[in-house]
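Since the structure comes first, as structure tokens, the remarks are kept for the end.
Excluded from the calculations below are hydrogen atoms, water molecules and symmetry mates; all remaining heavy atoms, backbone and side chain alike, are included. We name chains A, B, ... by the order of the sequence lines, and we start the count at 1 in each one.
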Amino acid sequence: MSAPAIIWFRRDLRLTDNHALSAAVASGAPLIPAFILDEEEGGEWRLGGASRWWLHESLAALSRDLEKRGAPLTLRRGDAQAELSRLVAETGAAAVYCNRIYEPWATDRDARLEAKLREKGVTTRSCAGALLAEPGSVCNAQGRPFRVFTPFWRALAERLQPAPPLPAPKKLRAAPAPASDRLDDWRLQPKAPDWAEGLRESWRPGEAGAQRRLDDFLRDGIGAYALLRDFPAKDGASRLSPHLHWGEITPLQIWSATAAAPEAGRLAFLRELGWREFCHHLLAAHPDMPKAPLDKSFARFPWTNDAGALEAWMKGETGYPLVDAAMRQLWRTGFMHNRLRMVAASFLVKHLLLPWREGERWFWDTLVDADLADNSGNWQWVAGCGADAAPYFRIFNPVLQGEKFDPDGAFVRRFVPELARLEAKYIHKPWAAPERTLRQAGIALGETYPRPIVDHAAARKRALEAYASLRAG
DNA sequence: CAGTCCTTTCG
DNA sequence: GAAAGGACT
């Protein structure tokens with residue numbers, strides 16, 4: 001019997017369009033599918049709470065899918081390099097197959113690991129699939145990585161020659177299975193049970209869930225996507241982001257599946273896929289993007305340090321209904337609508353002048369789609385220190401944003417129930433409502449719902465001055 | 001080199 | 001329609 005091959009699952013928790021898996025199957029070797037939980041990997045960016053929950057559910061799904069095809073998933077926990085080497089030694093594996101991930105900490109580690117395995121005569125085969133194009137492969141006329149989205153996306157789309165996604169292997173020939181941890185022993189589930197409950201109500205992690213989400217979106221969502229995507233109460237978003245992050249589905253599968261969709265919706269939607277791509281390429285070009293502003297002049301930005309304001313923002317108690325609804329959606333469901341991410345993030349950075357890294361950290365822990373490239377790239381974009389930056393145009397007015405994109409207040413009512421009975425005219429500015437109106441709606445400002453923690457006009461002025469000081473210096 | 005463009009907002 | 005400025009061709 002030939003030496004087995006390990007399929008090292010990481011951020012590719014799927015069987016379809018999985019090049020590493022298909023290559024391993026094609027090699028003819030008996031297979032050992034494995035996942036290693038390394039709770040230290042990523043350092044500061046180790047798994048956040050919502051991501052741990054997702055991972056638990058997604059691994060359970062992957063494990064079932066592999067079992068059905070005759071090759072159970074082996075689970076190990078510990079330092080990824082050490083555990084993989086141990087698994088190779090235990091099983092006599094001659095090859096390791098995996099799909100590439102692109103975080104700077106991961107590319108460094110994987111390169112070291114590959115060298116180490118090669119010394120022992122074990123070959124590593126790493127495949128692409130998490131992105132439409134390899135980072136570094138999309139450049140401007142000077143051969144440099146793009147810093148503006150639209151030319152980047154044009155250049156990528158022009159070059160892209162999508163091959164059809166690979167089908168899932170029907171049967172897997174398994175090697176004798178090594179000892180495995182039990183998933184439940186990993187304690188990936190949150191300690192607060194109500195958090196897990198909120199997440200479970202909102203999501204179906206795993207490849208089948210991802211496929212169903214895509215099918216639903218193609219049937220019900222993509223046609224009107226360009227029209228509805230900005231209205232948080234309309235649920236016009238695809239909600240594929242966490243599935244993409246964990247590789248339960250690939251951008252190529254999504255790209256291919258949209259081929260028959262109406263043009264307007266399709267282009268608007270693929271553009272969002274493009275932003276994901278752009279952020280990943282940016283991170284590869286700027287490995288310190290998660291902690292250092294791409295625009296170096298921001299090193300002397302006059303951030304404030306107001307723990308109380310940060311706390312109010314995290315809890316959704318700023319007194320601005322749209323911001324609060326957004327922050328509570330995040331906490332309850334592990335998700336925040338795209339437009340609200342811009343509004344809530346702008347509020348933290350511009351209205352409160354709190355460092356964007358505080359927001360980045362909170363989103364990292366609470367988003368089910370927490371992704372290093374997307375999270376850091378987008379926070380820098382909002383703060384105005386990132387790519388495609390235009391800080392002066394992005395002081396969102398949370399009242400106007402509410403009136404424009406949640407005109408009847410349906411979204412606010414859903415997530416800020418203490419305002420539910422307030423008429424639409426005041427739903428985004430309860431402080432402006434007459435005392436009688438508030439009383440009839442059961443609201444006592446400062447008691448049942450907070451007064452605004454900052455005045456919009458004053459905060460806007462302060463932010464403009466802070467940004468102007470960068471240029472003056 | 002100059003001309004165009006940029007996940008936009010606000011008055 | 002203006003707000004600053006840099007990216008890109």
Side-chain angles (χ1 to χ4, degrees), chain A residues 138-159 225-232 236-238 241 264-282 285-286 293-298 301 320 322-323 326 336-351 356 369 371 373-406 428-429 455-473:
Chain A
V138 182
C139 296
N140 63 22
Q142 287 84 52
R144 307 203 41 80
F146 285 97
R147 295 181 68 103
V148 175
F149 171 72
T150 303
F152 164 84
W153 184 230
R154 265 189 227 130
L156 169 51
E158 217 165 82
R159 259 196 18 178
Y225 183 76
L227 287 175
L228 298 185
R229 57 171 297 241
D230 272 322
F231 297 86
S238 77
S241 51
R266 175 168 184 268
L267 292 180
F269 174 59
L270 291 180
R271 205 176 153 82
E272 297 306 309
L273 208 54
W275 269 93
R276 170 178 182 271
E277 200 80 10
F278 184 48
C279 288
H280 282 78
H281 287 233
L282 279 174
H286 309 278
L294 297 187
D295 179 343
K296 296 303 171 209
S297 72
F298 273 73
F301 191 92
Y320 284 92
L322 190 65
V323 174
M336 192 191 296
H337 186 276
N338 173 261
R339 173 150 293 271
L340 301 184
R341 294 189 197 203
M342 295 194 280
V343 173
S346 171
F347 189 86
L348 181 79
V349 171
K350 309 281 166 81
H351 287 74
W356 58 271
D369 62 22
D371 179 279
D374 292 328
N375 197 39
S376 58
N378 284 315
W379 271 101
Q380 290 220 28
W381 179 84
V382 169
C385 55
D388 224 322
Y392 288 83
F393 311 157
R394 280 188 207 127
I395 300 180
F396 287 65
N397 180 329
V399 177
L400 295 181
Q401 287 288 310
E403 290 169 351
K404 199 164 168 190
F405 297 111
D406 187 31
H428 293 295
K429 46 180 176 191
D455 170 67
H456 170 72
R460 176 182 163 80
K461 185 158 170 288
R462 184 174 69 151
L464 285 171
E465 284 162 6
Y467 279 85
S469 77
L470 286 187
R471 278 175 300 128

Practice problem: Rounded off to whole Å, could you give me the CG-to-C1' distance for the A:N378 and B:dT8 pair? | Solution: 15 Å
Quiz item: Taking side chain as C-beta onward, heavy atoms only, is A:R339 less than 4.5 Å from A:M342?
Solution: yes
Quiz prompt | Of A:F152, A:W275, A:F149, the residue whose pairing with A:H281 passes ring pair (Phe, Tyr, Trp, His ring centres under 6.0 Å) | solution = A:F152
Quiz item: If you look at every heavy atom in A:S346 and A:F396, which pair is closest and at what distance?
Solution: OG-N, 3.3 Å
Exercise. Classify the nucleic acid contact of A:R341 as base, sugar-phosphate or nothing, counting any heavy atom under 4.0 Å across all strands shown.
Key: nothing
Quiz item: Any sub-3.5 Å donor-acceptor pair from A:Y467's side-chain atoms to A:K350's backbone N or O?
Solution: no
Practice problem: Keeping the roles fixed (side chain from A:R462, backbone from A:H351), state whether a donor-acceptor pair exists under 3.5 Å. | Solution: yes
Quiz item: How many Å lie between CD1 on A:I395 and C1' on C:dA2, as a whole number?
Solution: 15 Å
Quiz item: Minimum heavy-atom separation for A:H428 to A:G402, with atom names?
Solution: NE2-O, 3.1 Å
Quiz item: Sub-3.5 Å donor-acceptor pair from the side chain of A:H337 to the main-chain atoms of A:R229, do we have one?
Solution: yes
Exercise. Answer with base, sugar-phosphate or nothing: what part of the nucleic acid does A:D295 contact at a heavy-atom distance below 4.0 Å?
Key: nothing
Quiz item: Is it true that A:R341 and A:D369 have a side-chain N and a carboxylate O under 4.0 angstrom from each other?
Solution: yes
Self-check item: Between B:dT9 (C1') and A:F396 (CZ): distance, integer Å
Solution: 8 Å
Practice problem: Nearest whole angstrom, please: distance from the C1' of B:dT9 to the CH2 of A:W381. | Solution: 10 Å
Quiz prompt | Electrostatic pair A:E272-A:R276, nearest N-O below 4.0 angstrom | solution = no
Quiz item: Reading DNA chain B 5' to 3', how would its secondary structure be written in dot-bracket notation, given Watson-Crick and G-U pairs with both distances under 3.5 Å, brackets [ ] for crossing pairs and | for partners on other strands?
Solution: .|||||.|||.
Quiz prompt | Atom pair distance, as rounded to whole Å: CD in A:Q401 and C1' in B:dT8 | solution = 9 Å
Practice problem: Sticking with atom P, work out how far C:dA4 lies from B:dG11, rounded to a whole angstrom. | Solution: 16 Å
Self-check item: Atom-to-atom span, NE2 of A:H456 to C1' of B:dC10 - whole angstrom
Solution: 9 Å
Practice problem: Spell out protein contact along nucleotides 4-9 of chain C as letters: B when the base is contacted, S when just the sugar-phosphate is, - when no protein heavy atom is under 4.0 Å; keep the 5' to 3' order. | Solution: BS-SSB
Quiz prompt | Distance, rounded to the nearest Å, where A:W275 contributes CH2 and B:dC6 contributes P | solution = 11 Å
Quiz item: How many Å lie between CZ on A:R229 and C1' on B:dT8, as a whole number?
Solution: 13 Å
